[in-house]
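Structure record follows, encoded as structure tokens.
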4 protein chains.
Amino acid sequence: MKSPPDVKNRRPSPDRPRGRPRSLEARRAILKATHELLAEGGLSSVTIEGIAARAGVGKPTIYRTWPNAHAVAMAALMESDDSGESAAAMSRRTAEPAPKPNERPSSALTALRAQLHEIARVFSAALGRCVTLMIAASEQDTELSKAFRNQFVLARRNEGRAFLAAAMSNGEIRRDLDIDVALDLIYAPVFYRLLMGHAPLTSRFIDDVLNLALQGISTTARRKP
Amino acid sequence: MKSPPDVKNRRPSPDRPRGRPRSLEARRAILKATHELLAEGGLSSVTIEGIAARAGVGKPTIYRTWPNAHAVAMAALMESDDSGESAAAMSRRTAEPAPKPNERPSSALTALRAQLHEIARVFSAALGRCVTLMIAASEQDTELSKAFRNQFVLARRNEGRAFLAAAMSNGEIRRDLDIDVALDLIYAPVFYRLLMGHAPLTSRFIDDVLNLALQGISTTARRKP
Amino acid sequence: MKSPPDVKNRRPSPDRPRGRPRSLEARRAILKATHELLAEGGLSSVTIEGIAARAGVGKPTIYRTWPNAHAVAMAALMESDDSGESAAAMSRRTAEPAPKPNERPSSALTALRAQLHEIARVFSAALGRCVTLMIAASEQDTELSKAFRNQFVLARRNEGRAFLAAAMSNGEIRRDLDIDVALDLIYAPVFYRLLMGHAPLTSRFIDDVLNLALQGISTTARRKP
Amino acid sequence: MKSPPDVKNRRPSPDRPRGRPRSLEARRAILKATHELLAEGGLSSVTIEGIAARAGVGKPTIYRTWPNAHAVAMAALMESDDSGESAAAMSRRTAEPAPKPNERPSSALTALRAQLHEIARVFSAALGRCVTLMIAASEQDTELSKAFRNQFVLARRNEGRAFLAAAMSNGEIRRDLDIDVALDLIYAPVFYRLLMGHAPLTSRFIDDVLNLALQGISTTARRKP
DNA sequence: GGATAATCGAGACGGTACGTCGCGTCTTCAT
DNA sequence: ATGAAGACGCGACGTACCGTCTCGATTATCC
């Protein structure tokens, strides 16, 4: 900000531990350490003291940025969230034909199905369980909590909402649908199985859920004699 | 040390524990105190020391029976579970006509709807949130955890399974249905909204979910021209 | 052992208590266990629970006889006290000539010297330290405490008193002597070194102490005709 | 910041501990509380929890400095030791003529006598008993234990050694004396009576002990020219 | 012989204190 | 004037023993 306008992110010399550009480095170390702790021992092993020790950082440095260990964990998970890829990419990867309910599905419904599989994949992993748990356990009104929920749940939900809207506009699903209800109908069972653990979260199950939901909300279901 | 080898027919009564039996009174006081703490401050205010102090009990007395505060909370919630009433009773209480999808529903579907409303009511309360949270947060493999999940989730789920079976047998829902998937489709959205908090869990929502699910799984949906 | 029912410890006294008599066997097991614990871990490892567990005995059985662990330890040490042998026996065993102050000593002083060596030997052992510690640490007014002190300290002291009286009567020591002070002068240094640990308690030291006590440390004492 | 390599005479001070230094205030509060507890209830009423509560301090703050309650008690007694005054001061205060053995004593022996009386006075008090007990009960090899013994026993003993050396150099006591033995002969009876409690520790007794130690108890010692 | 009674083992009870861990705040020093 | 290091007051943890109190079973004496 003073004489050199670009001093900040200067990192051509890796041996520059001279001054104190430690801040960014510290942040990264903190999030990395937290991520490792999460992966190793789950949410309950994330403590401020543990993070500070592993990151080689003072506790106040952590508290300067986050209010508690929960928040650091959230930040670490958000930072490392690799699931931001587009639904197209997901659709491409999981290029399965997918069991069709009764008609050939549009690309919108195909993408929705792919997204569901992707969600199941991500959240079945160890860190995914942490995410779900943290959403469930967090106070619902903090800023970070909302951001977290937004990134991990609502972003996908909005993507799904777009899929449904597309499907609606091309006549694949009913026009009188309450999309929020429909979205819950589709996404909820995945998390339900994850959390309750009463039955495994298989790929088959996801297809079944979607088929069942579709037969309810699709226009084909409305056909009456 | 009498060496005479006269083996008495001393029956060791291997089933009955030796020593002073555990105090029912203490157990009750502990669970009552825990229940109060849960209701007042939520899951995080349930500490062994707090329970012991409020129940007028020593900490070791608690640890003798439960391994940690989480387990005591589970036990307290299970003990005080007043939701064991029959679906008939629930149906009677919530004697609403319920918005019908498109036909007059059988008593089975009516009971299912009543049960869903009841579940939403119970789990929306403060203690209900605790229950959900504890299910989500608990290690899945302990004995108590399984019992807890069984009592609060699977018991209702089994009741629901009976409803669906009845509805299936009288032709209201499709015979080719995977009931486990259908059950998740119906119950999951309730808990999803509870945990995620992205939208309120209204009575209207429950009806909507059920209607939507029914239109997917009911035979009327299969009618094609 | 079993056929004669009266051999055991049947007392003819009609005021014998009603119920089941206390088990001698249990008492022995308790004292044995306590003794082992004392030898293994010192005074601090003697706990009622530890004794009960090792002796295969219920805790109330211990409390029925002794008021606390300290008392059991005292009893165990008193029971196992092998130092009750006569000074004559000791004198016989440690038949050393002993460095004489300036004259040939009477048998009384020889016996005193032998007793001092014996005391040092016994109290230098692990259990001896326990004894000293317990005397020092015990409340001074209990019955058991007095008995303990009496057995381990005063009995020897009284023996020593007899030695000094004999020596006095045959003119070896001064007649105007306060024997209690003289006894303390002789016995105290042994325990002092044991407890303070500032210097080792050697056999040489004991001889030196006795010689010095006999002769005095002032130059005036050495003058001879 | 980096061009001038050592503008300041910054010493690396590798010995100085990093981080926040320990609070002198807390330390003082802890020792004060411990001292009060010792005075009120003796050694057994010194508990970490009690100290923490009375000092308004957290338990870890205590454990950060001392390993157990015993050590805190030692530190408290050492800190509050008011007996460091010189023997001259003691001699001045207790300006008694002192019963002379047979000659007018030198100032060295007078000072020794005064010191003995002072020791008896200090150790007869409640806290003095604690000190003796703790010396007796403590493991002998810890650092603190040695320091404690050094302060309370050996310091006085060294003073006494100086007295004896002075008396020896001016011909009052024998030159062939083993001073360590002589010191034990003089100091031991005081502590012996304190610990054993078989007889009171009177002022008279102290004089008697000193006289007897000086003269010896044997008849041969009384011969004068 | 049957009732009575004290003892036995076992172990749960209400407690106290232990020594540890983590919290979130603070203070100090080095950069 | 920021950041690491770490001590602080605090609160809860889970454990070890305390000394007391049931339990059912086991011996003895007395009626």
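None of the values given here were measured: they were computed from a predicted structure. By convention in this document, chain letters (A, B, ...) are assigned in the order of the sequence lines, proteins followed by strands, and residues within each chain are numbered from 1.
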Using whole Å, report how far [atom1] of [X] lies from [atom2] of [N].
X: B:I51; N: E:dG14; atom1: CD1; atom2: P; result: 14 Å
X: A:E25; N: E:dT31; atom1: CD; atom2: P; result: 16 Å
X: B:L37; N: F:dA12; atom1: CG; atom2: P; result: 11 Å
X: B:L24; N: F:dC23; atom1: CG; atom2: P; result: 11 Å
X: C:I62; N: F:dC17; atom1: CD1; atom2: C1'; result: 12 Å
X: C:R54; N: E:dG9; atom1: CZ; atom2: C1'; result: 19 Å

Where [X] and [Y] come nearest, the two heavy atoms and their spacing:
X: D:H70; Y: D:M134; value: O-CE, 3.4 Å
X: D:A52; Y: D:K59; value: CB-CG, 4.0 Å
X: C:L38; Y: C:L43; value: CD2-CA, 3.8 Å
X: C:L37; Y: C:G50; value: CD1-C, 4.0 Å
X: B:V46; Y: B:A69; value: O-CB, 3.6 Å

Practice item. Could you tell me whether B:E25 atom CD has more than 12 heavy atoms of other residues or ligands within 6.0 Å of it? Key: no

Study note, to complete from the structure: Judged by nearest nucleotide, the residue sitting upstream toward the 5' end of DNA chain E, C:T61 or B:R27, is C:T61

Revision key, fill the gap. Its contact letters, B for base, S for sugar-phosphate only and - for none at protein heavy atoms under 4.0 Å, make nucleotides 17-24 of chain E read SBBBBBBB

Review point. Counting any heavy atom closer than 4.0 Å, what does C:A52 reach on the DNA or RNA strands: base, sugar-phosphate only, or nothing?
Key: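 Nothing, no heavy atom under 4.0 Å.
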
